[in-house]
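Take a look at the structure below.
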Amino acid sequence: MFVKKRGSILVFILALIVLLSVLCMRLMQETVQELRHVSQFHRRDDLRMHAYSALDVAVGALNEFMMLEKTLYAPSQGWGDPLGYAEIAPLDSTVQWSISLIDESGKVPISAISEKDLVSLFSIMRAEEDSLVNEDDGQPFYDSLMDWQDADDEERDEGAEDDFYEDLEFPYFTPGKKIENFEEFRMVKGFAYDSDEPNESGLFYSESGSETIHMKNFRDSFSFFHNGPVNINTASSYLVKFLCGDDESLYDEILTGPSGASGDPFFKNMNDPKLAQMRNNRSISTSTTATVFRVLIKVSKGKATFQLHAILGSGNAMQASPKAGKGKVQKPRSQQNTKIQYPFRILSIRENENLVD
C-alpha cells in the first residue's frame with residue numbers, strides 16, 4: 001500500500017514537471033515573438049533613416065545633372081541610376097536598398113486632356129485589335145467620367161448621374177469633383193464590368209475585378225501630379241503611338257530617336273522634323289524635358305522592410321499640383337527649405353504604401 005502511494009506521488013510530480021515544461025516553452029515562444037515584433041519597429045526606424053538618405057542621394061544626382069547639363073532630358077543621361085552614379089552604399093553592410101526613378105513628366109496631365117483626345121483614346125481602347133475605330137464608341141465613357149466629376153445633376157447624353165448610381169445593389173453618389181486616383185475609375189459607369197451591360201462596360205476592370213490591359217496603358221500614360229507638356233523622351237510606347245495617330249511609320253521613326261547625326265538616344269529639340277509632324281495629330285502639348293519625378297525607394301534588413309514613395313517637382317512643376325484641386329493655393333516654402341535651397345518641391349510622399357495615386 002505504501003509503495004502504491006509513493007508511485008502515485010511520483011507520477012503526479014512527473015506530470016506536474018511536464019506541465020510546467022510545456023508552460024515554460026510556451027512562455028518562451030511568446031517572449032521571443034514579442035521581442036521580434038518590438039525589434040522590427042526599432043529596426044524600421046533605422047530603415048526609415050536609410051530610406052530618406054537614399055532620397056537625398058536621388059535628389060543630389062538629379063540636381064547635379066541639372067547644374068552640369070542645365071536640362072534633364074531622359075534617364076539615359078545618367079540620372080536614371082542615382083545609386084550607381086553616386087557610387088554609394090549603406091553604412092550598414094547588412095542593409096540593402098534600391099532606388100527606382102521614373103520621369104513622371106512623360107505622362108499626360110489627366111486634368112488637362114481635351115474632350116476630343118480623350119474620346120478618341122477610349123474609342124481606340126474599345127476597338128481592341130480591330131483596325132476600324134468608331135470614334136463614337138468612346139463618347140459614353142467620356143460622358144460618364146464628366147458626369148462623375150461635375151457638380152450638377154444634368155445627365156449627359158450617354159453619361160450617368162446620381163439616379164443611376166442610387167439604383168445599384170450598393171448605392172453611392174457622384175463626388176462632383178475631379179477624379180483623384182486610378183482606383184476611383186472602378187466606381188464610374190462603364191469602366192468596371194457590369195453584368196447588365198457586358199458589351200458596354202469593363203473598359204478598365206474585368207468581370208473578376210482585375211485590371212485590363214487598357215487600365216495598365218492608361219496608368220502608364222496619365223498622371224495626377226504632372227501638369228505640363230509631355231516629355232516625349234520618356235512617354236510610354238502606347239502614348240507615343242496614340243500621339244502619332246494613324247501614322248505608323250512616324251511611330252517607328254520616333255522610337256528610333258532624333259533626326260540627324262547628333263548621336264543622342266533622346267530628343268533635345270522640339271523643332272525636330274519628327275516631333276513637328278507628330279504635333280499635327282493631337283492637341284496634347286509635348287516637350288523634350290523632364291520636370292516631375294516619381295521615386296520609389298526600398299530598404300531591407302533581414303525580414304524587415306521599409307518603402308518610401310515620393311513625387312518630386314522642379315521648374316514649372318513647382319506650381320500647385322493638379323491634385324491640390326481648383327482654388328487651392330500651394331503652401332509657401334518653409335524658412336528651413338528656403339535656407340538650404342532644396343532643389344525640388346515634394347508634391348507627394350508616402351511611407352510603406354505601394355501607390356501614391
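Small disclaimer: the values here were computed from a predicted structure and weren't measured.
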* Asked: Which heavy-atom pair separates T234 from P75 by the least distance, and what is that distance?
  -> CG2-CD, 3.6 Å
* Is the Lys NZ or Arg CZ of R294 less than 6.0 Å from the centre of F225's six-membered ring, within 45° of the axis? -> no
* Asked: Within 45° of the six-membered ring axis of F267 and under 6.0 Å from that ring's centre, is NZ or CZ of K274 located there?
  -> no
* Asked: Aromatic rings F204 and F218: how do their planes relate, parallel, tilted or perpendicular, breaks at 30° and 60°?
  -> tilted
So, [X] side chain and [Y] main chain: donor-acceptor pair closer than 3.5 Å or not?
| X | Y | result |
| --- | --- | --- |
| S314 | T291 | yes |
| R156 | Q139 | no |
| S123 | V133 | no |
| N233 | T289 | no |
| T174 | E161 | no |
| R186 | G209 | yes |

* Structure fact -> Separation between CG (L55) and CG (L312), nearest 0.5 Å, reads 6.0 Å
* Asked: Do F191 and F122 have ring centres separated by under 6.0 Å?
  -> yes
* **Worked verdict on R345 versus L347 for side-chain contact (heavy atoms from CB on, under 4.5 Å)** => CA-CA 6 Å; R345 174 61 58 87; L347 303 179; 3.9 Å; yes
* To do: Give the intermediate values and the outcome of side-chain contact (heavy atoms from CB on, under 4.5 Å) for residues Y165 and M187.
  => CA-CA 9 Å; Y165 298 105; M187 311 293 289; 6.0 Å; no
* **Check against side chain to side chain donor-acceptor pair (under 3.5 Å), Y52 and E351** => CA-CA 10 Å; Y52 279 92; E351 296 181 356; 2.6 Å; yes
* Steps toward side-chain contact (heavy atoms from CB on, under 4.5 Å) verdict (L275, I232) -> CA-CA 9 Å; L275 301 185; I232 197 64; 4.0 Å; yes
* Pair D147 + K189, salt bridge at N-O below 4.0 Å -> no
* To do: Decide yes or no on side-chain contact (heavy atoms from CB on, under 4.5 Å) for I179 and Q149, but give the supporting numbers first.
  => CA-CA 7 Å; I179 200 162; Q149 296 180 133; 3.5 Å; yes
